[in-house]
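As structure tokens, the structure follows; a few thoughts come after it.
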Amino acid sequence: MAIRAREVSPEVHVAAIYTTLATAWGRQHWWPARSRFEVVVGAFLTQNTNWLNVETALRKLRSAKLLNVDGIRQVPLRQLERLIRSSGYFRQKAKRLKNFVRFLDESYGGMLSRMFAQPTSHLREQLLSLNGVGPETADSILLYAGQHPIFVVDAYTRRITARHEILPASAEYEEVRVLFERALSEVELIQECDAAQTGGACHSPSPMSLASRTPLAQIYNEMHGLIVGVGKNFCLKSAPRCEMCPLLHLLVSTGTQAG
Ligand code: SF4
């Protein structure tokens, strides 16, 4: 049964999205990485490209034994550009990676553990002040590398939120983030679920997906992965596949589908 926008609060609607998807698809095992630094590098490389292109670049960095802080610190810029070429905007991204390591060196003696020990809001401000770090990249680093409880808003989150009439498409990043964090603070973490089918944007378990984190950080972690699963498989930009989507019953309109 479809719901009507005014029948439930935005928080209840968002919580229902989480419960529906987590029950259907189970744990998503984000972020697929072996180390915190690999998450950081992936967060930069995934800007404006798809994950397959990022994986190619990460593989090349790993083969060259450069997928670590010292590797990025020491590698000549031109060589770094060549290694990450598949991720697109490679010159810009190579500079951004070098710039991040410079920040890490100057502010935290090159140690991610010291950086991530900072309070979330302070570290978020610092990350946002770096060249090429917007809220999505900063929050991805905080949540998926640092296990800080902060929700990552991406284009899929905005699209689904708008099509379900939870918030207008013009809503600011912070407005969406705060709503999701408020809504998800009330839900129960759904662990592995017997009925769950592997679906969405599920990855194989990795050292980073299995890392220790608070239940709230785990819920934010799962919700972003689940949203990506909906966005990639159902909530397509020009032709949403509502009939097959697990969120169909939460679509506001009773007769028409999202356009
Ligand atoms: S595909 Fe349709 S039902 Fe699924 S999230 Fe998008 S708008 Fe909602």
Side-chain angles (χ1 to χ4, degrees), residues 1-32 46-52 135-136 139-140 143-144 150-193 195-203 218-259:
M1 187 179 75
I3 64 170
R4 289 189 177 280
R6 286 172 204 82
E7 286 176 0
V8 298
S9 68
E11 288 82 359
V12 169
H13 200 149
V14 170
I17 289 175
Y18 168 76
T19 306
T20 300
L21 295 176
T23 305
W25 292 340
R27 193 163 171 183
Q28 296 294 291
H29 286 289
W30 277 55
W31 179 298
T46 200
Q47 293 171 340
N48 302 310
T49 194
N50 69 54
W51 187 250
L52 283 179
E136 186 181 341
D139 294 343
S140 295
L143 176 65
Y144 288 109
I150 193 156
F151 184 72
V152 178
V153 176
D154 66 353
Y156 295 136
T157 318
R158 292 168 171 284
R159 188 183 303 158
I160 294 165
T161 306
R163 284 178 173 168
H164 281 250
E165 298 182 28
I166 297 170
L167 284 175
S170 58
E172 298 286 330
Y173 182 100
E174 287 305 299
E175 194 181 348
V176 183
R177 180 176 71 81
V178 168
L179 167 64
F180 271 65
E181 291 186 358
R182 209 167 44 232
L184 296 173
S185 67
E186 300 293 323
V187 304
E188 294 274 321
L189 173 63
I190 293 179
Q191 301 284 357
E192 296 298 350
C193 171
Q197 305 291 317
T198 301
C202 185
H203 293 283
Q218 186 71 46
I219 288 169
Y220 293 165
N221 175 319
E222 296 297 338
M223 181 62 154
H224 178 65
L226 291 163
I227 290 277
V228 172
V230 175
K232 279 173 68 171
N233 298 306
F234 302 102
C235 206
L236 309 181
K237 196 169 184 177
S238 53
R241 299 171 174 158
C242 295
E243 303 95 337
M244 293 176 282
C245 179
L247 298 183
L248 176 61
H249 68 294
L250 297 175
L251 199 54
V252 170
S253 168
T254 50
T256 55
Q257 290 177 3

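As the structure lists them, so they are numbered: ligands from 1, and atoms in each ligand from 1. Please read these numbers as outputs of a predicted model, since none were measured by experiment. The residues of the chain are indexed from 1 along the displayed sequence.
Side chain of Asn221 to backbone of Trp30: a donor-acceptor contact under 3.5 angstrom is found. Side-chain atoms of Thr19 do not come within 3.5 Å of backbone N or O of Ala16 as any donor-acceptor pair. Between the Arg158 side chain and the Val153 main chain, no donor and acceptor come within less than 3.5 Å of each other.
For Glu172, the CD atom is loosely surrounded, since the number of other residues' heavy atoms within 6.0 Å does not exceed 12.
The Leu251 neighbourhood of ligand 1 comprises atoms 7 (S), 8 (Fe), with distances under 4.0 Å to a heavy atom of that residue. Atoms of ligand 1 lying under 4.0 Å from at least one heavy atom of Leu248, given by number and element, are 3 (S). Using a 4.0 Å cut-off to heavy atoms of Phe234, the atoms of ligand 1 that qualify are 1 (S).
Exactly one of Leu179, Val8, Ile160 qualifies for a side chain to side chain contact (heavy atoms under 4.5 Å, CB included) with Ile166. That residue is Leu179.
Only side-chain heavy atoms of Val230 come within less than 4.0 Å of ligand 1; its backbone N, CA, C and O stay farther off.
Inclusion of His164 in the first shell of atom 8 (Fe) of ligand 1 is supported: an N, O or S atom falls under 2.8 Å. Distance check for Cys235 against atom 2 (Fe) of ligand 1: none of its N/O/S atoms falls below 2.8 Å.
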